[in-house]
Amino acid sequence: PIVALLVMTAIQLFLLLLSFDYLVQLSTLLHVVVYWWQLAAFMRLKMRWPDLPRLYTVPRGRPGAWLLCALKAPVLILLVISACADWSMVVGALVVNGLLYVLVQCIKTF
């Protein structure tokens, strides 16, 4: 756990250099990306295996799933637009995602 604590400390020290507004926008953008992936995974599972037993179901089957996506997509689009108002935000999100990808690849090799 010492290596993990040192890595988290280094990340937090770097984040101290950024403004609060930037951190809020970056957090929003990264969360919206996760929600897009969840929505895509939901639709893929719903279309590929519609009759698979699930703990939670969407009422009305496939039409209900499409309606759910139709209601959520505009909200997510507006959140992306608001979070990407500054070009440095997009660069920051790309850097964070790139670092996370490298970290996951390094963890896989151990």
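Nothing fancy with the numbering, it's 1 onward along the sequence. Reckoned from all heavy atoms, side chains included, excluding hydrogens, waters and symmetry mates.
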Any side-chain heavy-atom pair from Gln38 and Val34 closer than 4.5 angstrom? yes
Rounded to the nearest 0.5 Å, how far does CG of Leu23 lie from CG of Leu16? 9.0 Å
Any donor-acceptor N/O pair, Arg62 side chain to Met47 backbone, under 3.5 Å: yes
Leu18 side chain reached by Leu15 side chain, heavy atoms, under 4.5 Å: yes
Does Leu39 belong to the same Ile/Leu/Val/Met/Phe/Trp/Tyr cluster as Leu67, with side-chain heavy atoms less than 4.5 Å apart forming each link? no
Same cluster or not: are Leu71 and Met43 linked, directly or through other Ile, Leu, Val, Met, Phe, Trp or Tyr residues, by side-chain heavy atoms under 4.5 angstrom apart? no
In this structure, are over 12 heavy atoms from other groups packed under 6.0 Å from Trp66 atom CH2? no
Point-to-point distance, once rounded to the nearest 0.5 Å, from CG of Leu29 to NE2 of His31: 11.0 Å
So, taking the atom named CZ in Phe14 and the one named CG in Leu17, what distance separates them when rounded to the nearest 0.5 Å? 6.5 Å
Please name all residues satisfying side-chain contact (heavy atoms from CB on, under 4.5 Å) with Leu52, sequence neighbours left out, ordered by chain then number. Trp49, Arg54
Partners meeting side-chain contact (heavy atoms from CB on, under 4.5 Å) with Leu5 (sequence neighbours left out): none
What's the spacing between Lys46 NZ and Asp51 CG if we round to 0.5 Å? 8.5 Å
So how far is it from Thr28 OG1 to Tyr35 OH, rounded to the nearest 0.5 Å? 10.0 Å
Shortest non-hydrogen contact from Cys69 toward Pro74: O-CD, 4.5 Å
Could I get the full list of side chain to side chain donor-acceptor pair (under 3.5 Å) partners for Thr57, not counting sequence neighbours? none
Hey, could you give me the OG/OH distance between Ser27 and Tyr22, rounded to the nearest 0.5 Å? 12.0 Å
With a 4.5 Å cut-off on side-chain heavy-atom distances among I, L, V, M, F, W and Y, is there a chain of contacts connecting Val75 to Val32? yes
